[in-house]
2 protein chains.
Amino acid sequence: MKLTTRGRYAVMAMADLALFKDKGPTSLTDISLRQNISLAYLEQIFIKLKNKNLVRSVRGAKGGYVLQNSPDEIKISNIISAVDEEIKMLNCKKESKKGCNNKSTKCITHNLWDQLDQHINNFFEKVKLEDLVRKNQTLNK
Amino acid sequence: MKLTTRGRYAVMAMADLALFKDKGPTSLTDISLRQNISLAYLEQIFIKLKNKNLVRSVRGAKGGYVLQNSPDEIKISNIISAVDEEIKMLNCKKESKKGCNNKSTKCITHNLWDQLDQHINNFFEKVKLEDLVRKNQTLNK
DNA sequence: TTCAATTCCTACTGTTTTAGTCTGAATTAA
DNA sequence: TTAATTCAGACTAAAACAGTAGGAATTGAA
Ligand code: SF4
Ligand code: SF4
């Protein structure tokens with residue numbers, strides 16, 4: 001797994017976007033102020049979100065970003081994997097060096113990490129942006 | 001959350017211990033060879049496991065480590081939290097600086113991280129060392 | 001009694017990752 | 001024309017990670 005502030009900020013920012021989605025493009029400046037996240041950092045993050053087609057940009061004054069899809073179609077997993085890369089437990093040894101590689105059999109804990117991985121991914125797959133915006137609501141399903 | 005090689009190694013080593021638990025104390029040298037983990041690193045890890053009373057040590061020649069409890073009583077969560085410290089999603093901003101602190105209301109994503117946290121912890125709570133040793137078995141419950 | 005195998009303890013270190021910052025360009029509404 | 005904005009990429013300080021290194025203490029066995 002991998003979950004850093006970038007991922008958290010991305011989710012916060014996307015939620016913010018969802019909240020104000022009827023008011024035209026939302027500028028990063030606004031998000032920066034509302035969510036208390038550095039503007040420059042947000043810019044970095046939004047480039048990635050844009051590349052993954054989660055948002056659409058409107059350049060120039062009065063510009064900003066707009067969600068590509070409606071909040072109930074955007075999975076949290078999409079957001080996080082867009083900015084944080086791999087959501088994998090099984091990095092173990094980066095292939096090359098020691099570890100599972102030379103031994104042909106998987107080590108005894110392999111299944112464990114694999115299942116945890118699925119577990120976490122399932123979680124993020126189930127939760128949609130919409131669920132965050134519909135506040136006070138329990139995310140349990 | 002927090003899961004590093006230390007945590008993984010710890011689980012592997014404990015599983016190894018469980019496998020050979022009937023053969024008296026298991027030395028770290030043995031584990032090192034079988035699991036392909038640096039001896040010095042294992043030592044570091046086992047100090048922690050010992051401090052958390054997960055294993056008992058036998059010093060001197062023919063010494064080694066022994067599980068404190070039977071494998072079906074040892075939760076994976078115990079092992080990981082013993083060596084990796086906090087298993088928390090909600091580190092956000094280390095209290096002091098920007099973030100949730102000054103705002104009295106929780107930010108919109110708070111629940112999300114909180115629930116993920118519980119989700120992961122539940123997972124590790126349910127799986128016991130025993131489950132790893134009983135190989136090829138599915139961990140799903 | 002000696003020695004080799006072991007745990008114990010603590011400090012150190014190289015590398016990678018994280019969490020940003022900084023600079024400057026391109027675009028466009030007003 | 002200008003101010004607000006996105007776009008792009010290089011840079012960096014600090015922290016975390018993944019181990020090493022060196023030596024002391026203990027003890028079973030030769
Ligand atoms: S076999 Fe073990 S070391 Fe290899 S990928 Fe699986 S868990 Fe990681
Ligand atoms: S309110 Fe937001 S910033 Fe504060 S702890 Fe919760 S998730 Fe983190």
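Only this structure's heavy atoms are used, side chains among them; waters, hydrogens and symmetry mates stay out. This structure is a prediction, so every number in the text was calculated from the model and none was measured. Naming: A, B, ... by sequence-line order, numbering from 1 per chain.
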**OP:** Please name all residues satisfying side chain to side chain contact (heavy atoms under 4.5 Å, CB included) with A:P25, sequence neighbours left out, ordered by chain then number.
**Re:** A:V58, A:V66

**OP:** Grab the CD1-P distance between A:I47 and D:dT5 for me, whole Å please.
**Re:** 16 Å

Subject >> Phosphate OP1/OP2 of C:dA19: any A:Y9 side-chain N/O under 4.0 Å >> reply: no

Subject >> A:H119 and B:F123 aromatic ring geometry - parallel, tilted or perpendicular at 30°/60° bounds >> reply: tilted

Subject >> Separation of atom CZ in B:R6 from atom P in D:dG19, rounded to whole Å >> reply: 11 Å

Subject >> Distance in angstrom units between B:L42 CG and C:dC8 C1', rounded >> reply: 14 Å

Original post:
Rounded to the nearest Å, what distance is computed from the CG atom of residue A:L49 to the P atom of nucleotide D:dC7?
Top reply: 11 Å

Subject >> B:L3 side chain reached by B:I120 side chain, heavy atoms, under 4.5 Å >> reply: no

Subject >> Interatomic distance where CD belongs to B:Q35 and P belongs to D:dA18 [whole Å] >> reply: 18 Å

Original post:
Is any side-chain nitrogen or oxygen of B:T4 closer than 4.0 Å to OP1 or OP2 of D:dA16?
Top reply: no

**OP:** When you get a sec, tell me which of C:dA19, D:dT6, C:dC8 is the closest nucleotide to the side chain of B:E43?
**Re:** C:dC8

**OP:** Could you check whether B:F46 gets within reach of a base, just the sugar-phosphate, or nothing at all, counting any heavy atom under 4.0 Å?
**Re:** nothing

Subject >> Residue pairs passing the salt bridge (charged side-chain N to carboxylate O under 4.0 Å, His left out) test where at least one lies in residues 11-22 of chain A, sequence neighbours excluded >> reply: A:D16-A:R34

Original post:
Using a side-chain heavy atom cutoff under 4.5 Å and only I, L, V, M, F, W and Y, what cluster partners does A:I47 have?
Top reply: none

Subject >> Selected nucleotide, minimal atom distance to B:T29 side chain, candidates D:dA10, C:dT6, D:dT6 >> reply: C:dT6

Subject >> Closest to side chain of A:K50, choosing from D:dC7, D:dT5, D:dT20 >> reply: D:dC7

Original post:
D:dT20 phosphate, OP1 or OP2: any side-chain N/O from B:S38 under 4.0 angstrom?
Top reply: yes

**OP:** May I have all residue pairs that pass side-chain hydrogen bond (donor to acceptor under 3.5 Å, both in side chains) and include part of residues 56-65 of chain A, sequence neighbours excluded?
**Re:** none

**OP:** Check each residue of residues 54-62 of chain B for a non-hydrogen atom within less than 4.0 Å of any atom in DNA chain C, then write out the ones that pass by number, or none.
**Re:** B:S57, B:V58, B:R59, B:G60, B:A61

Subject >> Pairs involving residues 66-80 of chain B, ordered by first then second residue, that meet salt bridge (charged side-chain N to carboxylate O under 4.0 Å, His left out) (sequence neighbours left out) >> reply: B:K75-B:E125

**OP:** Give the rounded distance in Å between these two atoms: NZ of A:K48 and P of C:dT18.
**Re:** 10 Å

**OP:** Starting from C1' on D:dG19, measure out to CZ on B:R8 and report it in whole angstrom.
**Re:** 14 Å

Original post:
Closest to the A:A40 side chain: C:dC8, C:dT21, D:dT6?
Top reply: C:dT21

Subject >> Whole-Å gap separating P (D:dC11) and OH (A:Y41) >> reply: 19 Å

Subject >> Under 3.5 Å donor-acceptor pair, B:Q44 side-chain atoms to D:dT20 base atoms >> reply: yes

